[in-house]
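In this text the structure is predicted, and so the values were computed from the model without any measurement. Note on naming: letters A, B, ... go to the chains in the order of the sequence lines (proteins, then strands), and numbering restarts at 1 for each one.
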There are 2 protein chains.
Amino acid sequence: MSRRPQTEIAVLGALSIEPMTGYALRAAIISTLGHFWSESFGQIYPTLARLEADGDVRKDGRQFAITPAGRERLRNLLGEPIERTPPRNGLLLRLFFGRTLGREACADLLRTAHTEALATLETLAAIRAEVDAEDENPDRPYFLLTLAAGEASARAQAEWATSAIAALRD
Amino acid sequence: MSRRPQTEIAVLGALSIEPMTGYALRAAIISTLGHFWSESFGQIYPTLARLEADGDVRKDGRQFAITPAGRERLRNLLGEPIERTPPRNGLLLRLFFGRTLGREACADLLRTAHTEALATLETLAAIRAEVDAEDENPDRPYFLLTLAAGEASARAQAEWATSAIAALRD
DNA sequence: AGAAACATGTAAAATGTTACATGATTGT
DNA sequence: ACAATCATGTAACATTTTACATGTTTCT
């Protein structure tokens with residue numbers, strides 16, 4: 001259940017794209033990986049310190065840069081089995097006990113979920129426009145893959161919410 | 001970030017459907033809520049002890065049963081805002097850095113994800129057959145809602161994986 | 001009787017977030 | 001100069017899982 005390796009993937013991965021400070025690292029993780037990953041300062045700085053001690057990153061002034069050893073380590077980490085976090089969907093937990101919660105409250109939850117899914121789709125569309133423009137970026141095909149995953153999931157959520165609201169009316 | 005209320009929802013919710021032992025509670029959470037929720041013994045027993053001290057559950061022999069006060073508490077908890085766990089999708093984290101991981105390894109990950117999504121759909125189909133048969137169950141409409149969410153998400157994942165594998169070939 | 005499953009509980013270890021302390025840099 | 005933002009780091013707190021210890025019940 002150790003997430004350490006996965007935190008290291010996020011940190012080394014971001015640094016493999018360009019050197020940056022720990023502060024910028026967090027901003028990059030929020031803005032770029034935000035739809036499928038998250039890290040807090042409390043994880044980032046200790047991880048950077050460990051990676052520096054191991055020679056996987058080097059501190060140039062305030063910027064952290066990945067070293068050749070770090071790239072090698074990133075390659076190895078990426079090949080390790082995916083660690084699953086236990087599922088925890090608060091919306092479905094509430095809907096499952098919907099008889100106690102009440103039909104109207106359930107419909108409210110579903111309308112909120114629908115609105116959020118549409119908002120996510122808008123955000124992702126904006127990101128897609130940006131990424132589409134980066135013609136030369138060798139990472140682009142992979143960025144687009146993860147983007148498509150977010151879009152597929154948000155579309156599915158929106159459609160499900162719509163049909164669930166309809167189902168509740170009967 | 002306190003998940004305590006949500007653990008209590010899972011425990012009180014399960015007991016609102018029928019009384020059972022702590023051991024059976026875990027089995028019920030795994031088998032019935034398993035696609036969107038999880039709890040371990042280390043959470044379940046302390047939560048039961050707390051709920052019993054508060055008068056929300058009563059121990060009859062080894063069975064725990066929800067009390068009227070517990071039903072009231074469950075209603076209140078269900079109405080509280082949903083606590084989000086930070087997103088953490090190890091598959092997308094790896095694909096995002098796919099240039100370093102390599103195209104073939106990415107395709108492998110996607111094929112595995114596709115297979116898993118199909119397996120989930122099969123499991124859910126079996127559950128749907130059971131739930132469909134429970135004609136008299138007043139919880140059924142809500143169970144079906146959460147089931148549909150799982151199906152929509154698994155279908156979306158399967159379709160995305162298929163198109164992502166195709167996209168990688170170019 | 002012996003094995004397997006049922007049942008309870010807790011301590012240790014890991015994980016992770018939040019809040020705070022502290023200071024440097026930049027823009028107005 | 002002053003405010004805002006950038007930047008680093010850590011300590012306290014909360015959360016969770018895992019592993020272990022310990023029995024009971026049921027089945028063969």
Side-chain angles (χ1 to χ4, degrees), chain A residues 1-11 14-15 18-34 36-53 57-65 77 80-90 93, chain B residues 1-11 14-15 18-34 36-53 57-65 77 80-90 93:
Chain A
M1 179 50 45
S2 129
R3 228 195 75 201
R4 191 189 324 175
Q6 304 213 86
T7 295
E8 291 190 359
I9 290 176
V11 168
L15 293 180
E18 65 178 332
M20 56 187 112
T21 66
Y23 187 87
L25 204 43
R26 172 123 189 284
I29 288 174
I30 289 175
S31 72
T32 311
L33 311 183
F36 55 84
W37 202 260
S38 97
E39 295 293 348
S40 65
F41 281 135
Q43 298 279 99
I44 288 175
Y45 283 112
T47 298
L48 278 171
R50 207 166 45 235
L51 289 172
E52 196 187 5
V57 306
R58 205 184 44 242
K59 200 172 183 179
D60 258 350
R62 312 172 137 206
Q63 310 270 315
F64 290 89
L77 288 173
E80 283 193 6
I82 295 173
E83 313 220 7
R84 289 161 194 298
T85 48
R88 226 153 254 159
N89 185 322
L93 183 65
Chain B
M1 182 43 51
S2 129
R3 228 196 74 200
R4 189 191 323 176
Q6 304 213 88
T7 296
E8 292 189 358
I9 290 176
V11 169
L15 293 180
E18 65 178 333
M20 56 187 111
T21 66
Y23 187 87
L25 203 43
R26 171 121 191 285
I29 288 174
I30 288 175
S31 72
T32 311
L33 311 183
F36 55 84
W37 203 260
S38 95
E39 297 293 348
S40 64
F41 282 136
Q43 298 280 100
I44 287 175
Y45 284 112
T47 298
L48 279 172
R50 208 167 44 234
L51 289 172
E52 195 186 6
V57 306
R58 205 183 44 243
K59 201 170 182 178
D60 260 348
R62 312 172 138 208
Q63 310 270 315
F64 290 89
L77 287 174
E80 282 193 7
I82 296 173
E83 314 220 6
R84 289 159 193 302
T85 48
R88 227 153 255 158
N89 185 321
L93 183 65

Next on the checklist: To the closest 0.5 Å, what do you measure between CD1 (B/Ile44) and CG (B/Leu51)?
Outcome noted: 11.5 Å

Item to check | Side chain to side chain, A/Trp37 and A/Gln6, heavy atoms closer than 4.5 Å | outcome: yes

Next on the checklist: Side chain of B/Ser40 only, heavy atoms from C-beta on: which candidate in C/dA7, D/dT17, C/dT17 is closest?
Outcome noted: D/dT17

Item to check | Nearest-Å distance for atom pair CZ/C1', residues B/Arg50 and C/dT10 | outcome: 15 Å

Checklist entry - Separation of B/Ile44 atom CD1 from D/dT15 atom C1', in whole Å? => result 15 Å

Checklist entry - Can you find a side chain N or O atom of B/Tyr23 that sits less than 4.0 Å from OP1 or OP2 on C/dC6? => result yes

Item to check | For atom CE of B/Met20 and atom C1' of C/dA7, their distance in whole Å | outcome: 15 Å

Checklist entry - Atom CZ of B/Arg26 and atom P of C/dG9: how far apart are they, to the nearest Å? => result 15 Å

Next on the checklist: How many whole angstroms separate atom CD of B/Glu83 from atom P of C/dT17?
Outcome noted: 14 Å

Checklist entry - To the side chain of A/Lys59, which of C/dA7, D/dT17, D/dG9 is closest? => result D/dG9

Checklist entry - Given atom CG of A/Leu25 and atom P of D/dT8, what is their separation to the nearest angstrom? => result 9 Å

Item to check | Gap between atoms CD1 and P, on A/Ile30 and C/dT18 respectively (whole Å) | outcome: 10 Å

Checklist entry - Does A/Arg26 use its side chain to pair, donor to acceptor, with the backbone of A/Ser40 at less than 3.5 Å? => result no

Checklist outcome for this item: Taking for A/Thr7 and for B/Gly22 the nucleotide of DNA chain C with the nearest heavy atom, the one nearer the 5' end belongs to B/Gly22

Next on the checklist: One thing to verify: whether A/Glu83 and B/Arg88 come together as a salt bridge, which I'm taking to mean a side-chain N less than 4.0 angstrom from a carboxylate O.
Outcome noted: no

Next on the checklist: Tell me the closest heavy-atom pair linking A/Glu39 and A/Gln43, and the distance in Å.
Outcome noted: OE1-CB, 3.5 Å

Next on the checklist: Between B/Val57 and B/Val11, is there a side-chain heavy-atom distance shorter than 4.5 Å?
Outcome noted: no

Next on the checklist: Can you give me the dot-bracket string for DNA chain D, 5' to 3', counting Watson-Crick and G-U wobble pairs with both distances under 3.5 Å, using [ ] for crossing pairs and | for partners on another strand?
Outcome noted: ||||||||||||||||||||||||||||

Checklist outcome for this item: The nucleotide from C/dT8, D/dT10, D/dA7 with an atom nearest the side chain of A/Thr21 is D/dA7

Checklist outcome for this item: When B/Gly42 and B/Arg88 are each assigned the nearest nucleotide of DNA chain C, the 5'-most assignment goes to B/Gly42

Next on the checklist: Here's a test of your reading of the structure: between B/Arg62 and B/Phe41, which maps to the more 5' nucleotide of DNA chain D?
Outcome noted: B/Phe41

Checklist entry - Are A/Leu48 and A/Leu15 side-chain neighbours, meaning at least one heavy-atom pair lies under 4.5 Å? => result yes

Next on the checklist: Nearest to the side chain of A/Ser38, heavy atoms from C-beta on, is which of C/dT17, C/dT10, C/dC6?
Outcome noted: C/dT17

Checklist entry - Atom CD of A/Gln63 to atom P of C/dT25: distance rounded to whole Å? => result 13 Å

